[in-house]
Amino acid sequence: MTFPDIELPERAASHDAAEGGATAGPAARTRDEREALKLEKRLCRQVGQAIVDFNMIEAGDRVMVCLSGGKDSYGLLDVLMKLQARAPIRFELVAVNLDQKQPGFPAEVLPHYLQTLGIEHHIETQDTYSIVRAKIPEGKTTCSLCSRLRRGILYRVARELRCNKIALGHHRDDMLQTFFLNMFFGGKLKGMPPKLASDNGEFIVIRPLAYVDERDLVAWAAHKCFPIIPCNLCGSQENLQRQQVGEMLRQWQRQHPGRIESMFTALQNVVPSHLMDARLHDFRHLQASGVFDEMGDKAFDEEPIAPPSVPN
């Protein structure tokens, strides 16, 4: 399957160019309109490229798009609907939200929004909030338990809705944060893959926003005026490890522009022989062959910097 480079139709200006009713052309667009169109094209191109690179969506797939009410999942659904309309194959999208019964949660917002889109959707109501609050002491991080409960429920819903793929709204920055979280706190070189089988082996989990910069999602949410719903369950907790790592990465990027792109490229250029995992490389039985090896040890040679592999 291929997703062609999306060429979005030229947008007319919001007012007539003349009293006779002629529509203003591209030249009459405001700067904000031009920037929004560029952003839309970039998002569609990056998501489409990720789908192609990792074969995320195939003909006949029924994809459950998990919608939390945050900017990322809104952006994911919006772009997937655009690609669905232009893709050379047919696949289905089902938007699913899990209402976790958080106090003050505006339960009417997402159903109304999804109805206006005309997309198939399902709202699943489960009181995981009370479970998390009962199990986790005040001040402790709730994310782990909340995630496990949510995952089990979403698997059941995907089964009931006959979906074979589950699309999540994690973006490039989430993937880098997860990599550093696992390295700093988990003692593993492990990231957040763009595509993987679910832990119960029943579904394929995909992350079509894998190439997308979080800043673009912030800008797109503002442009589209998505009805954002904050997560009161965990969003108010301070000093979460993920927040700390996220700020570390943003500071690196401010001090050294391009560093995030370089680190993300590194996740796609793994050299097992130059790490220390004997399960991935047979160090024990390694012998000198007398033959030149491009991947052999070059001691202190300076490595060339690989160009970013994320589409612009």
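No donor-acceptor contact under 3.5 angstrom links the side chains of Gln84 and Glu92, judged on distance only. With 3.5 Å as the limit, one finds no donor-acceptor pair spanning the side chains of Arg151 and Ser198.
For the atom pair CG (Leu275) and NE2 (His281), the distance works out to 10.0 Å, reported to the nearest 0.5 Å. Between the CZ atom in Phe264 and the CG atom in Leu249 there is a gap of 12.5 Å [rounded to 0.5 Å]. Atom CG of Asp174 and atom CG of Asp72 lie 6.0 Å apart (nearest 0.5 Å). Distance check, rounded to the nearest 0.5 Å: CD1 of Ile166 to CZ of Phe203 gives 5.0 Å. For the atom pair CG (Asp282) and OG (Ser273), the distance works out to 12.0 Å, reported to the nearest 0.5 Å. For the atom pair Phe91 CZ and Glu58 CD, the distance stands at 12.0 Å (nearest 0.5 Å).
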Practice problem: Before giving the answer on side-chain contact (heavy atoms from CB on, under 4.5 Å), spell out for Ser73 and Val65 the whole-Å C-alpha distance, their side-chain angles and the decisive distance to 0.1 Å. | Solution: CA-CA 8 Å; Ser73 58; Val65 184; over 6 Å; no
Quiz item: So Phe184 and Met248, side-chain contact (heavy atoms from CB on, under 4.5 Å) or not? Walk me through it.
Solution: CA-CA 12 Å; Phe184 291 160; Met248 177 193 74; 3.8 Å; yes
Self-check item: Trace of the salt bridge (charged side-chain N to carboxylate O under 4.0 Å, His left out) decision for Glu247 with Arg242
Solution: CA-CA 9 Å; Glu247 179 53 36; Arg242 183 172 290 276; over 6 Å; no
Exercise. Take Val94 and His121 through the side-chain contact (heavy atoms from CB on, under 4.5 Å) test and state the conclusion after the steps.
Key: CA-CA 5 Å; Val94 185; His121 63 276; 5.7 Å; no
Quiz item: Under the side-chain contact (heavy atoms from CB on, under 4.5 Å) criterion, do Leu209 and His170 qualify, and how do the steps go?
Solution: CA-CA 6 Å; Leu209 299 179; His170 299 117; over 6 Å; no
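Residues Val212 and Leu76 fail the side-chain proximity criterion, which asks for heavy atoms closer than 4.5 Å. Counting heavy atoms from C-beta outward, Val96 and Cys66 have side chains that stay 4.5 Å or more apart. Counting heavy atoms from C-beta on, the side chains of Ile229 and Pro106 come closer than 4.5 Å. Within the 4.5 Å cutoff, the side chain of Tyr155 has no heavy atoms near those of the Glu202 side chain. At least one side-chain heavy atom of Ile204 sits less than 4.5 Å from a side-chain heavy atom of Lys195. Side-chain contact between Gln241 and Phe185 is present, with heavy atoms from C-beta onward closer than 4.5 Å. When side chains are defined from C-beta on, Val218 counts as touching Lys71, because their heavy atoms get closer than 4.5 Å. Put simply, the side chain of Leu176 reaches to within 4.5 Å of the side chain of Leu267, judged on heavy atoms.
Scanning all heavy atoms of the two residues, the minimum distance from Ala59 to Ile89 falls at N-CD1, 3.3 Å. Summarising the geometry of Arg207 relative to Pro193, their closest heavy-atom pair is NH1-O, 2.9 Å, with the distance given to 0.1 Å. Minimum heavy-atom separation, Leu39 to Ala219: CD2-CB, 3.8 Å. Scanning both residues, Gln253 and Ile260, for their nearest heavy atoms gives OE1-N, 2.9 Å. What you find for Ala167 and Leu80 is that their closest heavy atoms are CB-CD1, 4.4 Å. Residue Cys163 comes nearest to Val63 through the heavy atom pair SG-C, 4.3 Å, listed as atom of the first residue, atom of the second, then distance.
Between the Asn182 side chain and the Lys190 main chain, a donor and an acceptor come within less than 3.5 Å of each other. Of the possible donor and acceptor atoms, none in the side chain of Gln255 sits under 3.5 Å from a partner among the backbone N and O of Trp252.
The residues Arg172 and Glu214 are annotated as not salt-bridged, no charged nitrogen and carboxylate oxygen being separated by less than 4.0 angstrom.
Under a 4.5 Å side-chain heavy-atom cut-off, the cluster of Ile, Leu, Val, Met, Phe, Trp and Tyr residues that includes Phe283 has no other member.
Remark: Arg90 CZ is loosely packed, at most 12 non-hydrogen atoms of other residues, nucleotides or ligands lying under 6.0 Å away. Heavy-atom neighbours of His112 NE2 from other residues, nucleotides or ligands within 6.0 Å: at or below the threshold of 12. Heavy atoms from other residues, nucleotides or ligands lying under 6.0 Å from NZ of Lys101 number 12 at most.
Leu43 is connected to Ile51 through a chain of hydrophobic side-chain contacts under 4.5 Å among Ile, Leu, Val, Met, Phe, Trp and Tyr, so both are in one cluster. Taking hydrophobic clusters as Ile, Leu, Val, Met, Phe, Trp and Tyr residues chained together by side-chain heavy-atom distances below 4.5 Å, Leu168 does not share a cluster with Leu181. Cluster membership check: Val205 does not share its hydrophobic cluster with Val79, using side-chain heavy-atom separations under 4.5 Å among Ile, Leu, Val, Met, Phe, Trp and Tyr. Cluster membership check: Leu77 does not share its hydrophobic cluster with Leu98, using side-chain heavy-atom separations under 4.5 Å among Ile, Leu, Val, Met, Phe, Trp and Tyr. Hydrophobic clustering places Met192 together with Ile206 (ILVMFWY residues linked when any side-chain heavy atoms are closer than 4.5 Å, directly or through intermediates).
Screening Leu149, Ile131, Val157, Ile153 for a side-chain contact (heavy atoms from CB on, under 4.5 Å) with Gln126, the sole residue that qualifies is Ile153.
Applying the salt bridge (charged side-chain N to carboxylate O under 4.0 Å, His left out) definition to pairs two or more places apart or across chains, those involving residues 105-130 are Arg62-Glu120, Glu124-Arg156.
Checked against a 6.0 Å centroid threshold, the rings of Tyr113 and Tyr74 count as neighbours.
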